[in-house]
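One structure is given below, encoded as structure tokens.
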Amino acid sequence: MPMTPLEELRHSASHVLATALLRLFPEAKLDIGPPTDSGFYYDVDLDHKLTQEDLTRLEAEMKKVAEENQPFLRKEVSREEAKAIITARGQERYKLGRLADIPEGEQISFYQNGEFMDLCAGTHVRYSSKLKAFKLLSIAGAYHRGDEKNKQLQRIYGTAFPTKEELAQHLERLDQAKLRDHRKLGRDLKLFVIDDEVGQGLILWTPAGSIIRQELQDFIGGELRKQGYQQVFTPHIGKLALYKTSGHFPYYKESQFSPIVENEALARIVTENCACGEMIARLEAVSAKFREDINARTGKEVITADRVRPEEQLLDGFMLKPMNCPHHIKIFASQPHSYRDLPVRLAEFGTVYRWEQSGELNGMTRVRGFTQDDAHLFCTEEQVAAELIGCLALVKIVLTTLGMTDYRIRVGLRDPDSGKYTGDPANWDKAEAACRAAAQTLDAPFTEEPGEAAFYGPKIDFVVKDVIGREWQLGTVQVDYNLPIRFDLSFTGADNQSHRPVMIHRAPFGSMERFCGVLIEHFGGDFPVWLAPEQVRLVPISDKVQEYGRSLLAQLQAAGIRAVLDSHSDKLGAKIRRAELEKVPYTLVLGAKEAEAQAVSVRSRARGDEGVHPFAPFLEQLKEEIRTRALPEKKQPAPAA
RNA sequence: GCCGAAGUAGCUCAGUGGUAGAGCAGCUCAUUCGUAAUGAGCGGGUCGCCGGUUCAAUCCCGGCCUUCGGCUCCA
């Protein structure tokens with residue numbers, strides 16, 4: 001695919017960076033330097049740890065290279081010539097490997113600017129003087145070829161634009177984005193806290209944040225009732241045996257919290273002088289019968305003989321649940337089902353726990369304990385298509401109601417080269433076809449991505465970006481032919497025979513934590529009235545109208561409105577300012593003339609002062625705005641601070 | 001987990017080898033005010049934690065914890 005002019009510019013900037021880098025650090029070994037969505041980077045192997053000051057020096061050197069107005073010259077060479085060039089330049093450490101990646105028969109080319117020459121398919125700007133606006137942004141570690149078994153290189157990130165104005169605008173946008181960061185707004189608006197003593201990645205929802213979450217849960221709960229879901233509740237833990245049946249353990253044990261082993265069993269193991277490794281082996285072990293049962297049900301060897309142990313050496317324990325499905329499956333399995341009962345749709349806001357690597361934790365968007373707005377649908381194969389469409393419709397209702405229109409749809413398929421998936425390929429094919437067909441019913445573009453499936457089945461994900469451009473999977477719908485087999489689920493068909501149901505896993509929000517994190521950034525803290533923790537601020541101008549304020553507060557609360565009376569002795573301007581900073585949608589200013597007329601002076605967060613209105617119609621209009629879950633109007637620019 | 005950076009009051013940040021300061025926020029008092037900051041006073045910090053060097057460490061050194069930017073991972 002040819003590069004866009006902007007990519008060409010940024011790619012050229014990365015060559016200029018490499019040119020500057022070799023001038024300052026001739027011993028540097030270069031890897032690759034491609035353009036990205038918002039700039040470019042170059043990966044380099046260098047013993048010297050690059051510092052912020054080095055970036056400044058490199059940027060200055062890049063300016064010189066740009067001013068030297070070097071032409072970018074393409075040179076097409078044979079594979080042998082290429083090797084010679086790389087070796088002559090002392091860059092064989094990574095570049096020879098990169099050269100080997102180029103398929104036989106494909107043209108090998110170098111680009112030269114000034115004294116620098118790099119293996120590169122191109123393309124580039126004609127002259128380095130085209131680079132008028134660039135900036136080096138940060139240094140980060142990055143594994144060679146993205147593989148953590150390889151050496152970690154230093155990655156220099158930068159960005160470039162055709163003009164200085166566009167660069168300045170971009171940098172300004174980055175600064176603005178920081179103000180919308182859910183971690184900052186979450187603290188400022190007191191929506192959630194994370195406490196070291198409680199634990200990394202564990203969200204404590206404060207009263208204000210809990211209101212938002214509760215409103216979202218009530219909203220989706222209403223939609224679920226319309227669609228025939230049934231609410232269930234299940235505990236936060238389950239026995240290890242349950243997850244051995246489901247396949248979560250031991251295959252995914254590195255992303256789960258350690259098992260909780262009963263004290264007596266633990267004591268017994270300790271007195272046997274059992275080593276740690278032995279204990280893990282016993283936790284992972286299964287009985288011969290368990291192995292036979294599962295293997296027979298799934299029709300292949302999912303549990304190998306080396307996991308079988310004598311009964312007395314088995315060790316069970318409990319696990320914090322990494323998913324809700326096994327619990328829901330057990331509810332389904334507790335009753336015989338007729339085809340007439342299906343689909344069965346079991347829904348729960350279920351909290352799950354996953355052991356995320358410490359370096360991956362991020363505010364509310366990547367956490368170790370989170371609550372999925374989960375549901376599992378058990379249906380016949382014929383019902384899958386319609387149920388999938390119903391699930392997708394639900395996701396769309398959620399996103400539309402919240403005005404989140406900037407998302408992409410990803411159909412996650414299995415990676416044919418990976419062994420991490422369980423189940424029969426024929427069922428996978430059916431499930432993937434069903435997902436593709438359902439995605440086509442959405443009138444929105446989607447991409448099919450191999451390797452993005454869940455381990456038990458393909459899925460349709462709704463992916464949105466946060467303020468700094470990182471993508472997060474929110475809503476998800478997944479088809480599963482495998483867990484019904486592993487748990488030996490069945491229903492009685494019209495033919496009076498036993499049949500296997502198909503499962504659909506779906507979560508329109510995904511996780512309440514991640515969704516709220518993204519939602520905070522989406523609204524920049526200016527929540528629609530129905531979600532706003534505080535909907536109305538009552539501001540009496542003086543103590544003389546406190547009594548009127550109290551009576552309005554009582555009326556608002558009686559109407560179910562979340563209102564607060566500001567009885568500080570500040571001047572009006574200070575109270576207005578405080579309400580604005582706290583992003584309260586409506587501030588009602590109360591003075592003598594309002595009290596006299598049973599009126600309020602309305603100040604809207606979006607529109608500013610709206611003048612005096614009688615209280616009763618204001619209240620009705622407010623209730624209507626809440627009932628319809630109206631989205632906030634675009635805010636007028638704030639006055640200069 | 002890995003690479004790099006950071007951690008001083010609730011928040012934003014200054015500062016020094018001799019046990020710390022500002023603004024905002026909070027509290028008290030005065031003020032009773034018409035659409036983004038009324039004034040005065042007061043309280044508040046084991047300078048992330050643990051060790052080491054030193055007569056003395058918030059500052060220098062080491063380890064750990066946490067956060068941030070990436071990488072890897074994300075059933």
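Letters A, B, ... are given to chains in the order of the sequence lines, protein chains preceding strands, and every chain is numbered from 1.
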Please work out if [X] contacts a base, only the sugar-phosphate, or nothing of the nucleic acid, heavy-atom cut-off 4.0 Å.
X	result
A:Leu153	nothing
A:Gly591	base
A:Ala140	base
A:Tyr157	sugar-phosphate
A:Arg155	sugar-phosphate
A:Glu471	nothing

Under-4.0 Å salt bridge between [X] and [Y]:
X	Y	answer
A:Arg366	A:Glu356	yes
A:Arg408	A:Glu471	yes
A:Glu452	A:Arg410	yes
A:Arg603	A:Glu580	yes

Would you mind reading off the distance between [X] atom [atom1] and [N] atom [atom2], rounded to a whole angstrom?
X	N	atom1	atom2	answer
A:Gln372	B:A75	CD	C1'	10 Å
A:Lys593	B:C33	NZ	P	14 Å
A:Asp195	B:U67	CG	P	11 Å
A:Phe40	B:G70	CZ	P	16 Å
A:Leu572	B:A36	CG	P	8 Å
A:Lys149	B:C71	NZ	C1'	14 Å
A:His144	B:C2	NE2	C1'	16 Å
A:Asp54	B:A5	CG	C1'	14 Å

Examine the side chains of [X] and [Y] and answer whether a donor and an acceptor come within less than 3.5 Å of each other.
X	Y	result
A:Thr371	A:Thr351	yes
A:Tyr143	A:Arg145	no
A:His248	A:Gln256	no
A:Glu348	A:Thr234	yes
A:His376	A:Asn324	no

Working for side-chain contact (heavy atoms from CB on, under 4.5 Å), residues A:Leu590 and A:Leu552: CA-CA 10 Å; A:Leu590 315 174; A:Leu552 289 188; 3.6 Å; yes
Is a side-chain N or O of A:Arg368 found less than 3.5 angstrom from the main chain of A:Leu202, in a donor-acceptor match? no
A:Arg486 side-chain N/O to A:Lys244 backbone N/O, donor-acceptor pair under 3.5 Å: yes
Measuring only the [atom1] atom in each nucleotide, how far is [N] from [M]? A whole number of Å is fine.
N	M	atom1	answer
B:G62	B:G7	P	16 Å
B:C49	B:C13	C1'	23 Å
B:G17	B:G23	P	24 Å
B:A37	B:C33	C1'	14 Å
B:C59	B:G48	P	8 Å
B:C42	B:A25	C1'	14 Å
B:A20	B:A9	P	15 Å
B:C27	B:A56	C1'	37 Å

Are [Y] and [X] an aromatic pair, judged by ring center distance below 6.0 Å?
X	Y	answer
A:Phe509	A:Phe515	yes
A:Phe455	A:Tyr252	yes
A:Trp428	A:Tyr481	no
A:Phe192	A:Trp205	no
A:His505	A:Tyr456	yes
A:Phe40	A:His11	no

Does [N] have its OP1 or OP2 closer than 4.0 Å to a side-chain nitrogen or oxygen of [X]?
X	N	value
A:Asn362	B:G69	yes
A:Tyr353	B:A75	no
A:Arg470	B:G69	yes
A:Lys544	B:U32	no
A:Arg183	B:C68	yes

For A:Arg145 and for A:Glu594, find the nucleotide of RNA chain B with the closest heavy atom, then tell me which residue's nucleotide is more 5'. A:Glu594
5'-most contact on RNA chain B (nearest-nucleotide basis), A:Gly363 vs A:Glu356, goes to A:Gly363
I'd like to compare against my own output: the B/S/- annotation of nucleotides 37-44 of chain B with a strict under-4.0 Å heavy-atom distance to protein. BB------
Establish whether the base of B:G1 is bridged to the side chain of A:Tyr143 by a donor-acceptor pair shorter than 3.5 Å.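 Result: at least one qualifying N/O pair found.
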Does A:Gln152 get its side chain close enough to the base of B:G4, under 3.5 Å, for a donor-acceptor pair? no
Name all stems that contain residues of RNA chain B, defined as runs of 3 or more consecutive Watson-Crick or G-U wobble pairs, both distances under 3.5 Å. B:1-7 with B:65-71, B:10-13 with B:21-24, B:26-30 with B:38-42, B:48-52 with B:60-64
Tell me whether A:Tyr252 is stacked on the nucleobase of B:A75, counting only the six-membered base ring and applying the 5.5 Å and 30° thresholds.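 Stacking is present between B:A75 and A:Tyr252, given that their ring centres fall under 5.5 Å apart and the planes under 30°.
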Out of B:G1, B:G34, B:A75, whichever nucleotide has its closest atom nearest the side chain of A:Gln357: B:G1
Per atom distances to the A:Lys49 side chain, the nearest of B:A36, B:G4, B:C71 is B:G4
Output one line per pair: protein atom, nucleotide atom from nucleotides 45-50 of chain B, and distance, for all N/O pairs under 3.5 Å.
none

Applying the side chain to side chain donor-acceptor pair (under 3.5 Å) test to A:Glu521, which of A:Arg183, A:His182, A:Lys184, A:Arg180 qualifies? A:His182
Using the 3.5 Å cut-off, write out each protein N or O paired with an N or O of nucleotides 59-66 of chain B and the distance between them.
from: B:U66; atom 1: OP1; to: A:Gln200; atom 2: OE1; distance (Å): 2.8

Residue pairs, two or more places apart or on separate chains, that pass ring pair (Phe, Tyr, Trp, His ring centres under 6.0 Å) and touch residues 565-613 of chain A: A:Tyr586-A:Phe618
Got a list of protein N/O to nucleotides 7-15 of chain B N/O distances below 3.5 Å?
from: B:U12; atom 1: OP1; to: A:Arg187; atom 2: NH2; distance (Å): 3.0

